[in-house]
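Working notes, beginning with the structure itself.
For reference, positions follow the sequence shown, starting with 1.
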Amino acid sequence: MPVGSYREPLWPRGIVGSLTHCEGYCAVVAAREERVAGLGVDAELGGELDPDLIPLVCTSAEIHWVRG
């Protein structure tokens with residue numbers, strides 16, 4: 001993957017994506033620009049998510065699945 005002058009990934013024409021990394025973890029997501037306008041992914045070291053934040057980052061179906 002080519003890298004720009006600000007260390008940003010230079011995605012191929014027609015591709016959008018995002019990448020992230022932290023200690024012990026890295027992730028990349030990519031898609032065709034014709035399907036989505038943009039993507040974002042982030043990773044941080046941390047503990048358990050504050051329960052008040054769960055509805056902000058999970059759908060009700062995801063919450064139900066995790067609790068099941």
Side-chain angles (χ1 to χ4, degrees):
M1 167 87 56
V3 178
S5 59
Y6 294 100
R7 299 186 55 209
E8 76 276 18
L10 300 176
W11 300 99
R13 184 178 174 94
I15 301 294
V16 295
S18 182
L19 57 91
T20 189
H21 56 85
C22 63
E23 183 180 333
Y25 181 81
C26 66
V28 177
V29 294
R32 291 190 171 108
E33 192 173 38
E34 64 197 33
R35 303 283 305 222
V36 296
L39 292 169
V41 62
D42 190 25
E44 300 290 335
L45 293 176
E48 191 172 315
L49 186 62
D50 182 321
D52 293 337
L53 297 177
I54 293 173
L56 297 174
V57 297
C58 297
T59 66
S60 59
E62 290 169 331
I63 295 169
H64 180 74
W65 178 76
V66 168
R67 290 182 178 157

Are Pro9 and Leu19 packed together at the side-chain level, in the sense that at least one heavy-atom pair is separated by less than 4.5 angstrom?
yes

Linking Ile, Leu, Val, Met, Phe, Trp and Tyr through side-chain heavy atoms less than 4.5 Å apart, which residues share a cluster with Val3?
none

Mind checking what makes side chain to side chain contact (heavy atoms under 4.5 Å, CB included) contact with Asp52, not counting sequence neighbours?
Asp50

Leu10-Met1 co-clustered via ILVMFWY side chain contacts under 4.5 Å
no

Check whether Ser18 reaches the backbone of Val41 with its side chain - one donor and one acceptor, N or O, closer than 3.5 Å.
yes

Quick one: side chain to side chain contact (heavy atoms under 4.5 Å, CB included) partners of Glu33, sequence neighbours excluded?
Val16

How many angstroms lie between atom OG1 of Thr20 and atom CD of Glu44, to the nearest 0.5 angstrom?
6.5 Å

When rounded to the nearest 0.5 Å, the distance separating SG of Cys58 from CD1 of Ile63 is 5.5 Å

Might you confirm whether atom CD of Glu23 has over 12 heavy atoms from other residues, nucleotides or ligands at distances under 6.0 Å?
no

Is there a donor-acceptor pair under 3.5 Å between the side chain of Glu34 and the backbone N or O of Arg32?
no

Please report the closest heavy-atom contact between Trp11 and Ala30, naming both atoms and the distance.
CZ3-CB, 4.1 Å

Interatomic distance, CD@Glu48 vs CG@Leu53, rounded to 0.5 Å, equals 11.5 Å

With the 4.5 Å side-chain cut-off for hydrophobic clustering, are Ile15 and Val28 part of the same group?
yes

